[in-house]
Amino acid sequence: MSRARKGGSWIRARRRWSLYLRDGLRCVYCLRTLEDVLADGCFMTLDHVKHDGPNHEANIVSACFDC
C-alpha cells in the first residue's frame, strides 16, 4: 500500500523537524517564531516553494498555516 500524500503523512516526522530547525523554527514568510504561531492559535506546516516541484529539502520551507 502506498503512503497517503495529504496532511503530515507525506513526510516523516524526523525530516519535518529537521526542516523546521533548519529554518530556525520560524515561518520563512512572516518570520513569526513557532512560539508566536502557537500563541496565536495557529500551527506550523511545510510549504513547497515551487508547488509542482519535488519533495526535496531545497524546495520545502517552514511556514505558519496563516501564510
Side-chain angles (χ1 to χ4, degrees):
M1 181 188 305
S2 66
R3 290 177 54 143
R5 295 216 174 237
K6 58 184 173 181
S9 63
W10 65 274
I11 188 169
R12 291 191 172 125
R14 185 179 202 145
R15 184 168 179 222
R16 174 179 293 276
W17 277 103
S18 71
L19 293 168
Y20 290 152
L21 291 171
R22 178 202 64 190
D23 293 339
L25 295 173
R26 290 184 177 273
C27 172
V28 299
Y29 302 117
C30 68
L31 302 179
R32 289 190 300 168
T33 64
L34 175 61
E35 185 176 315
D36 294 337
V37 168
L38 293 174
D40 290 342
C42 191
F43 60 92
M44 293 293 285
T45 188
L46 296 172
D47 186 39
H48 285 82
V49 176
K50 183 176 179 186
H51 291 279
D52 60 348
N55 287 341
H56 187 270
E57 65 186 35
N59 189 43
I60 301 173
V61 295
S62 301
C64 68
F65 191 74
D66 289 341
C67 288

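Under a 3.5 Å cut-off, the side chain of R32 and the backbone N or O of A63 do not form any donor-acceptor pair. Under a 3.5 Å cut-off, the side chain of H48 and the backbone N or O of K50 do not form any donor-acceptor pair.
Residues F65 and L46 do not share a hydrophobic cluster, clusters being chains of Ile/Leu/Val/Met/Phe/Trp/Tyr side chains in contact below 4.5 Å. Cluster membership for Y20 and V28, using ILVMFWY side-chain heavy atoms within less than 4.5 angstrom, is not shared. Hydrophobic clustering of Ile, Leu, Val, Met, Phe, Trp and Tyr side chains at less than 4.5 Å, counting indirect connections, unites M44 with L38.
The shortest non-hydrogen separation linking C64 to C27 is N-SG, 3.3 Å. Across all non-hydrogen atoms, the minimal contact from R22 to E57 is NH1-O, 2.8 Å. When all heavy atoms of R26 and S62 are compared, the closest pair comes out as O-CB, 3.5 Å.
By the 4.5 Å heavy-atom criterion applied to side chains, I60 and D47 are not counted as neighbours. Y29 is not listed as a side-chain neighbour of D66, based on a closest heavy-atom distance of 4.5 Å or more. The shortest side-chain heavy-atom distance between L19 and V61 does not fall under the 4.5 Å cut-off.
A distance of 11.5 Å separates CG in L25 from CG in D36, rounded to the nearest 0.5 Å.
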